[in-house]
Amino acid sequence: MSVSLSDPSTDLAPRARGSVRTRAPRPADGVAVHRLVREGGGLEPNTGYAYVLLCDHFASTTTLAVDAEDGALLGFVGAYLVPERPDTAFVWQVGVARRARGRGVASRLLDALLARDACRGVRFLEATVAPSNAASRRLFESFAERHRAPFAWSDGYAPSLFEGSHEREQLIRIGPLDRAPDSRPQEQH
Ligand SMILES: CC(C)(COP(=O)(O)OP(=O)(O)OC[C@H]1O[C@@H](n2cnc3c(N)ncnc32)[C@H](O)[C@@H]1OP(=O)(O)O)[C@@H](O)C(=O)NCCC(=O)NCCS
């Protein structure tokens with residue numbers, strides 16, 4: 001099953017047009033996502049099993065960016081709806097392969113996440129970001145600007161919650177997002 005989630009001609013984030021397409025993951029994608037995290041730096045690698053779960057149980061929100069020609073994984077956004085607040089999509093991890101950075105791939109992934117069927121009721125996007133991660137900060141600021149949505153920072157998770165030396169994670173909350181009535185075709189399964 002290959003699910004194409006987005007029409008490149010209508011995506012909001014413009015720079016990744018052409019050679020990139022977004023799709024839902026399958027459990028077999030977990031290996032490549034795990035590898036991308038390990039090789040890309042900047043993200044805390046989890047176990048291979050965690051990425052298989054992400055690509056299976058969270059496949060309705062987790063979204064991949066792949067090379068439109070050879071299918072190679074270029075990036076992913078691992079995300080879920082917060083169980084107690086299903087109007088909120090939480091971005092757990094977003095990563096882009098080094099060779100594909102700076103081309104709008106991550107921006108397109110966030111837009112593709114918002115366009116998923118499971119996110120029809122989403123009005124807020126949340127993520128935690130380490131203050132030193134300029135690329136990540138700018139990614140979410142840029143998303144808020146593109147969607148003309150309020151952007152707020154607050155205390156997220158303190159270093160004391162983590163083992164070892166882990167930078168604090170500030171919480172970003174974007175929204176409410178203005179969701180236009182949806183005339184898109186349903187995702188095919
Ligand atoms: C953060 C990351 C996902 C961004 O991916 P990307 O595809 O290069 O991002 P985009 O090209 O969509 O750029 C998004 C915005 O961030 C800006 N940006 C990208 N890299 C940047 C950097 N190194 N420094 C400052 N701003 C940066 C872009 O200019 C763009 O802003 P704009 O819309 O105002 O032009 C990527 O750098 C990455 O995988 N980093 C390692 C993993 C990580 O830190 N993930 C985030 C933590 S959850």
Side-chain angles (χ1 to χ4, degrees), residues 5-6 8 10-23 25 29-30 32-47 50-51 53-55 58 61-68 72-82 88-116 124-159 161-162 164-174 177:
L5 299 175
S6 58
T10 57
D11 274 351
L12 281 168
R15 284 170 298 159
R17 282 183 187 162
S19 58
V20 179
R21 106 186 149 88
T22 55
R23 68 167 174 86
D29 292 309
V33 173
H34 191 202
R35 187 181 308 126
L36 188 151
V37 169
R38 290 197 317 273
E39 292 176 354
L43 291 173
E44 188 172 332
N46 293 273
T47 62
Y51 291 105
L53 285 183
L54 190 67
C55 292
F58 299 93
T61 42
T62 291
T63 304
L64 309 185
V66 299
D67 186 303
L73 183 68
L74 299 177
F76 79 104
V77 56
Y80 58 85
L81 302 185
V82 178
T88 301
F90 185 80
V91 173
W92 175 47
Q93 289 190 319
V94 51
V96 170
R98 287 181 189 278
R99 68 183 188 286
R101 289 183 191 164
R103 290 167 44 199
V105 172
S107 299
R108 178 156 166 191
L109 278 166
L110 294 185
D111 290 348
L113 163 64
L114 197 61
R116 300 292 303 272
F124 296 91
L125 190 88
E126 288 185 356
T128 68
V129 171
S132 65
N133 194 335
S136 182
R137 272 200 342 255
R138 183 62 209 146
L139 168 66
F140 289 106
E141 284 167 0
S142 176
F143 175 89
E145 288 165 12
R146 197 161 59 250
H147 291 270
R148 296 186 178 80
F151 178 101
W153 289 101
S154 61
D155 289 341
Y157 298 124
L161 295 176
F162 305 105
S165 56
H166 192 296
E167 208 179 338
R168 84 193 144 106
E169 292 275 344
Q170 284 185 294
L171 179 69
I172 287 173
R173 183 167 163 86
I174 298 170
L177 292 154

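Just follow the structure's listing: the first ligand is 1, and inside any ligand the first atom is 1. All heavy atoms count here, side chains included; hydrogens, waters and symmetry mates do not.
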Inset, instruction - Under 4.0 Å from a heavy atom of G102: give me the atoms of ligand 1 that qualify, with their elements. - result: 6 (P), 8 (O), 11 (O)
Inset, instruction - Scan for side chain to side chain donor-acceptor pair (under 3.5 Å) pairs involving residues 36-47, sequence neighbours excluded, and state none if there are none. - result: H34-R38, E44-H166, N46-Y51
Legend entry - Contacts of R137 that satisfy salt bridge (Lys or Arg N to Asp or Glu O under 4.0 Å) - sequence neighbours left out: none
Inset, instruction - Under 4.0 Å from a heavy atom of R138: give me the atoms of ligand 1 that qualify, with their elements. - result: 15 (C), 16 (O), 17 (C), 26 (N), 31 (O), 32 (P), 34 (O)
Legend entry - A79 backbone acceptor or donor facing T61 side chain under 3.5 Å: yes
Inset, instruction - Within a distance under 4.0 Å of any heavy atom of V105, pick out the atoms of ligand 1 and give their elements. - result: 7 (O), 12 (O)
Legend entry - Ligand-side contact atoms (ligand 1) for residue partner G95, heavy atom cut-off under 4.0 Å: 39 (O)
Inset, instruction - Without swapping roles, check the side chain of R108 against the backbone of V20 for a donor-acceptor pair under 3.5 Å. - result: yes
Inset, instruction - Within a distance under 4.0 Å of any heavy atom of R103, pick out the atoms of ligand 1 and give their elements. - result: 11 (O)
Legend entry - Proximal ligand 1 atoms for S107, defined as those under 4.0 Å from one of its heavy atoms: 10 (P), 12 (O), 13 (O), 14 (C)
Inset, instruction - May I ask whether G104 has any heavy atom positioned less than 4.0 angstrom from an atom of ligand 1? - result: yes
Inset, instruction - Closest by any non-hydrogen atom to atom 42 (C) of ligand 1: pick that one out of L36, L43, V37. - result: L43
Inset, instruction - Please determine if A134 has a nitrogen or oxygen closer than 3.5 Å to a nitrogen or oxygen of ligand 1. - result: no
Legend entry - Sub-4.0 Å atoms of ligand 1 with respect to non-hydrogen atoms of N133: 43 (C), 44 (O), 46 (C), 47 (C)
Inset, instruction - State whether the side chain of R168 and the backbone N or O of G156 hold a donor-acceptor pair below 3.5 Å, judged by distance alone. - result: no
Inset, instruction - Just do the salt bridge (charged side-chain N to carboxylate O under 4.0 Å, His left out) check on R99 and D67 with the steps written out, would you? - result: CA-CA 12 Å; R99 68 183 188 286; D67 186 303; over 6 Å; no
Inset, instruction - Answer yes or no for G41: is there a heavy-atom contact with ligand 1 below 4.0 Å? - result: yes
